Amino acid sequence: MKFDVCIFVPKEQPYNRGMASVLQCDTKRKAKKTMDFEIPRRFFGRNECCIMEKLIIQGRRRLVGEVTISGAKNAAVAVIPAAIMAEGTSTLENLPAIEDVRSLCHTIEKLGGICTYTDEHTLKIDCSNGTKHCATFEEVQKIRASYYFLGALLGRYKKAEVALPGGCNFGVRPIDLHLKGFRALGATVEECDGMVRAYAERLIGTSIYMDQVSVGATINIMLAACMAEGITTIENAAKEPHVVDTANYLNMMGANIKGAGTDVIRIYGVEKLHGAQYTIIPDQIEAGTYMIAAAITGGDVLVRNIIPKHMDSLSAKLDEMNVTIEEHDDSIRVTANKPLQCANVKTMSYPGFPTDLQPQIAALLGVCKGKSVITENVWENRYQYMDELRKLGAQVEIDGRQAWITGIPHFVGSCVCATDLRAGAAMILAGLAAEGETIIENVKYIDRGYENVEHKFNALGADITRVDE
Ligand code: EPZ
């Protein structure tokens with residue numbers, strides 16, 4: 001019998017995740033899986049290769065010193081797609097040097113735009129000659145925020161075709177509210193073979209009430225609506241700092257958006273947008289991660305280049321837990337020299353406690369005196385990482401959206417996996433506080449959102465080494 005041999009990478013995981021299978025097909029094209037194997041590094045190009053790196057942490061070192069926070073990932077991933085709406089060149093400053101930003105540049109270049117880095121954190125994006133309106137799976141699979149290309153392309157060209165999002169995996173992540181918003185603006189929206197297609201003769205401003213506060217839907221509707229005819233009102237809008245940052249950038253490009261940062265955003269449609277120079281805000285979640293790192297190691301850290309107001313919910317919680325917080329104009333000093341107390345944390349949209357700091361605070365609560373409760377109100381299923389935390393000794397019981405954590409004196413090092421970006425950050429924090437050695441696998445998730453992660457921690461006195469498997 002004649003066989004064709006082909007390599008099959010499971011559809012449900014990105015092709016660079018590391019595992020693949022050999023399929024043998026007979027002449028009737030019936031396939032039989034014959035073996036699983038790990039994809040070798042050289043299989044892919046440098047930025048797409050399967051680098052199975054690990055972080056090795058020698059724990060129980062007190063963090064002391066200063067750390068400078070990078071630009072906000074979740075603002076950058078909205079602002080970069082927004083840049084393709086301009087008939088001209090935008091210069092974006094203070095971009096974080098992270099995988100998600102590099103992936104978005106790659107997508108823009110595939111669409112026909114020109115991306116030029118003038119330094120590690122400054123990017124010029126030139127889409128003055130127009131771009132394609134279609135971004136396929138191959139181009140966008142790694143980043144969930146690829147959905148912002150839908151709003152941006154629909155706004156500029158009145159047509160967009162974009163593959164459904166990739167990115168962090170923690171359960172169902174619908175985009176129905178985004179699509180509902182596009183339809184309300186007059187677009188026809190179809191979903192087929194993993195692609196979303198939206199098109200319209202004209203986009204007409206309207207009033208949109210969001211059933212649920214959604215950062216992505218608020219930004220995406222804002223993108224499309226700023227080049228619609230007339231006025232669009234978004235009620236029950238998300239108020240996150242990166243919603244405001246995206247609106248500010250669009251306004252610099254000639255859009256007319258009022259009320260970003262409040263429940264009601266009004267967008268007065270304009271015909272054209274032009275390029276602009278814009279500086280991305282500091283990353284609230286990266287800042288929060290280092291603040292919690294100071295607390296969990298009994299450290300003394302000045303977290304620099306931040307907007308202290310964005311940290312209010314975390315600062316209040318740390319204060320309640322016995323951590324000393326000292327606010328300055330653009331920095332916060334975190335000192336932990338008293339026994340840490342348990343606390344109850346409820347995640348909520350901004351200005352509530354951010355869900356993106358939930359895994360990190362869980363690591364801290366794991367070594368605080370007493371029993372703490374976390375209630376996850378944003379995502380249905382964001383406790384997958386708890387099994388990893390348990391490997392380090394955490395005492396956790398989960399019931400639906402609530403997690404009860406009974407504090408232990410300290411974690412004990414083990415081998416754990418970063419199940420997603422923020423879960424990976426939580427593993428670092430737990431490893432810093434663990435007795436002995438902690439090995440973190442699947443580091444590529446962490447690299448998606450944290451710039452120079454081990455260097456920043458090591459500069460504070462941590463002992464983290466990156467090794468290639
Ligand atoms: C953004 O995701 C962030 N990502 C997430 O950060 C963050 O966890 C989340 O907001 C909440 O703050 C980016 O900004 C790129 P949502 P987004 O739409 O916009 C439901 C990280 O680690 N919903 O605000 O996708 C949804 O299921 C990432 O940096 C719908 O039902 O989140 C969730 O329960 C992870 N239908 C809630 O709304 C929709 O169409 C909030 O989601 C959209 C959302």
Side-chain angles (χ1 to χ4, degrees), residues 70-82 96 98-101 103-104 140 142-151 164-184 189 191 196 198 208-223 234 236-246 280-281 283-289 310 313-314 346-361 375-385 401 418-426 445-451:
S70 302
K73 172 192 94 102
N74 286 345
V77 300
V79 163
I80 294 171
I98 53 172
E99 270 308 308
D100 271 16
V101 165
S103 299
L104 285 167
V140 303
K142 284 198 270 180
I143 12 161
R144 168 144 183 98
S146 57
Y147 53 44
Y148 290 136
F149 283 109
L150 270 174
L164 282 173
C168 274
N169 170 28
F170 42 78
V172 183
R173 297 184 65 179
I175 59 163
D176 57 302
L177 295 171
H178 305 225
L179 307 188
K180 203 168 148 188
F182 298 150
R183 288 190 179 106
V189 182
E191 289 175 80
V196 179
I208 298 170
Y209 180 85
M210 312 277 281
D211 299 337
Q212 175 162 6
V213 179
S214 161
V215 174
T218 302
I219 292 179
N220 232 340
I221 295 168
M222 216 162 63
L223 289 169
I234 308 176
N236 200 22
K239 301 190 280 270
E240 266 66 4
H242 37 292
V243 173
V244 180
D245 211 35
T246 311
I280 306 286
I281 50 163
D283 196 307
Q284 175 204 22
I285 306 301
E286 190 199 18
T289 303
H310 292 169
S313 61
L314 174 65
K346 292 182 180 158
T347 68
M348 274 181 259
S349 58
Y350 190 82
F353 191 94
T355 172
D356 292 346
L357 285 175
Q358 182 257 100
Q360 298 90 315
I361 199 92
T375 309
E376 172 55 59
N377 288 313
V378 179
W379 296 108
E380 235 173 70
N381 186 9
R382 207 175 189 175
Y383 290 132
Q384 282 152 340
Y385 69 91
R401 286 182 178 264
T419 53
D420 66 58
L421 165 61
R422 308 304 173 187
Y445 273 124
I446 302 173
D447 293 336
R448 282 192 38 214
Y450 288 89
E451 178 174 333

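For ligands, and for the atoms within them, numbers begin at 1 and follow the listed sequence. Computed from a predicted structure; not experimentally measured. Residue numbers run from 1 in the order of the sequence given.
- Applying the side-chain contact (heavy atoms from CB on, under 4.5 Å) test to Ala238 and every residue at least two apart in sequence or in another chain returns Val213, Val215, Thr218, Glu240, Val243.
- Residue contacts with ligand 1: Lys180 is excluded, as none of its non-hydrogen atoms falls under 4.0 Å.
- Numbered from 1 in the order shown, with element, the atoms of ligand 1 that lie under 4.0 Å from a heavy atom of Val77 read 15 (C).
- For Asp245 (side chain) and Ile281 (main-chain N/O), a donor-acceptor pair under 3.5 Å exists by modelled atom type.
- Close contacts between ligand 1 and Arg382 involve ligand atoms 8 (O), 22 (O), 35 (C) [criterion: under 4.0 Å to a heavy atom].
- In the vicinity of Val215, heavy-atom distances shorter than 4.0 Å reach the ligand 1 atoms 10 (O), 16 (P), 18 (O), 19 (O), 24 (O).
- Using a 4.0 Å heavy-atom cutoff, Gln358 is absent from the residues neighbouring ligand 1.
- Between the Arg401 side chain and the Glu376 main chain, a donor and an acceptor come within less than 3.5 Å of each other.
- Lys73 contributes atom NZ, which lies 8.5 Å from atom CG of Asp283 (distance to the nearest 0.5 angstrom).
- When non-hydrogen atoms are compared, ligand 1 lies under 4.0 Å from the backbone of Asp176 as well as from its side chain.
- Residue Gln212 approaches ligand 1 through these ligand atoms, each under 4.0 Å from one of its heavy atoms: 20 (C), 31 (O), 34 (O), 37 (C), 38 (O).
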Practice item. Given side chain to side chain contact (heavy atoms under 4.5 Å, CB included), test His178 with Val196 step by step and report yes or no. Key: CA-CA 11 Å; His178 305 225; Val196 179; over 6 Å; no
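- By the criterion of a heavy-atom distance under 4.0 Å, the side chain of Tyr147, and not its backbone, is placed next to ligand 1.
- Proximity of Arg448 to ligand 1, defined as any heavy-atom pair under 4.0 Å, is not found for any part of the residue.
- Within the 4.0 Å heavy-atom criterion, both parts of Val378, backbone and side chain, lie near ligand 1.
- Of all atoms in ligand 1, listed by their number and element, those nearer than 4.0 Å to a heavy atom of Ile175 are 39 (C), 40 (O).
- Close approach to Lys73 involves these atoms of ligand 1, each under 4.0 Å from a residue heavy atom: 21 (C), 29 (O).
- The His178 neighbourhood of ligand 1 comprises atoms 40 (O), with distances under 4.0 Å to a heavy atom of that residue.
- Note that the CD1 atom of Ile208 and the CD1 atom of Ile221 stand 4.5 Å from one another [nearest 0.5 Å].
- Residue-ligand proximity: Ala238 is placed with every non-hydrogen atom at 4.0 Å or more from ligand 1.
- Distances between N or O atoms of Thr355 and those of ligand 1 include no value under 3.5 Å.
- Interface of Gly216 with ligand 1, defined as ligand atoms under 4.0 Å from a residue heavy atom, comprises 18 (O), 19 (O).
- Remark: side-chain polar atoms of Gln358 are paired, donor with acceptor, to backbone N or O of Arg382 under 3.5 angstrom.
- Salt bridge Asp176/Arg183: absent, no basic N to carboxylate O contact under 4.0 Å.
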Point to revise | Chi angles and distances behind the side chain to side chain contact (heavy atoms under 4.5 Å, CB included) call for Leu357, Gln284 | key: CA-CA 9 Å; Leu357 285 175; Gln284 175 204 22; 5.6 Å; no
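- The closest heavy-atom contact to atom 43 (C) of ligand 1, among the options Pro359, Ala217, Ser349, Pro174, comes from Pro174.
- A distance-only check finds no donor-acceptor pair linking the side chain of Gln384 to the backbone of Thr419 [under 3.5 Å].
- Here the OH-CD1 distance, from Tyr450 to Ile98, works out to 10.0 Å after rounding to the nearest 0.5 Å.
- For ligand 1, none of its N or O atoms has an N or O atom of Glu240 under 3.5 Å away.
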